[in-house]
Amino acid sequence: NTYLYTHGIAALALVEAYGLTRDAKFESPAQKAVSFLTAAQDKGGSWGYRPNTPGDTSILGWQIQAFR
């Protein structure tokens, strides 16, 4: 029940690793993580525990941080 919750945290770690180091080995995984988050967003604009489900603010916060 925490799929997108933990994915958001992992995505944040990947984009931070790439942003801080610019190491090419992080670029593709970070982009894939962000692309998945984009595809998993609910039509109402939030993220739930599963892809394309209504959201919860604690999950939303991790996704926004990853995009930031």
Side-chain angles (χ1 to χ4, degrees):
N1 288 337
T2 62
Y3 181 63
L4 280 177
Y5 195 93
T6 54
H7 183 82
I9 295 168
L12 174 59
L14 285 168
V15 299
E16 285 288 321
Y18 178 66
L20 290 170
T21 67
R22 297 291 184 210
D23 189 327
K25 71 182 172 191
F26 295 119
E27 185 176 13
S28 179
Q31 182 59 59
K32 287 178 182 177
V34 170
S35 294
F36 176 79
L37 290 178
T38 301
Q41 187 176 20
D42 183 60
K43 65 183 176 208
S46 190
W47 287 266
Y49 288 101
R50 297 277 176 210
N52 308 108
T53 59
D56 169 305
T57 55
S58 66
I59 301 168
L60 172 70
W62 290 108
Q63 314 321 320
I64 298 301
Q65 287 297 318
F67 283 118
R68 185 178 167 270

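Checking side-chain atoms of Asp56 against main-chain N and O of Ser46 turns up no donor-acceptor pair under 3.5 Å.
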For side-chain contact (heavy atoms from CB on, under 4.5 Å), just list the numbers for Thr38 and Phe67, CA-CA rounded to whole Å, side-chain angles, deciding distance to a tenth of an Å, and then say yes or no.
-> CA-CA 9 Å; Thr38 301; Phe67 283 118; 3.5 Å; yes

Given Leu4 and Phe36, is the side-chain contact (heavy atoms from CB on, under 4.5 Å) satisfied, shown in steps?
-> CA-CA 10 Å; Leu4 280 177; Phe36 176 79; 3.6 Å; yes

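Of the inter-residue distances, the one linking Leu14 atom CG with Ile9 atom CD1 reads 12.5 Å to the nearest 0.5 angstrom. For the atom pair OH of Tyr49 and OH of Tyr3, the computed distance is 15.5 Å after rounding to the nearest 0.5 Å. The NE2 atom of His7 sits 10.5 Å away from the CH2 atom of Trp47 when rounded to the nearest 0.5 Å. Summarising the geometry, atom CZ belonging to Arg68 is positioned 8.0 Å from atom CD belonging to Glu16; distances are rounded to the nearest 0.5 Å. To the nearest 0.5 Å, atom CZ of residue Arg50 and atom CG of residue Asp42 are 14.5 Å apart.
Minimum heavy-atom separation, Asp23 to Tyr18: O-CD1, 3.4 Å. Across all their heavy atoms, Gly8 and Ala66 have their closest contact at O-CB, 4.1 Å.
Both Leu37 and Ile59 belong to a common hydrophobic cluster when Ile, Leu, Val, Met, Phe, Trp and Tyr are linked at side-chain heavy-atom distances under 4.5 angstrom.
With contacts defined as side-chain heavy-atom distances shorter than 4.5 Å, the pair Thr6/Trp62 does not qualify.
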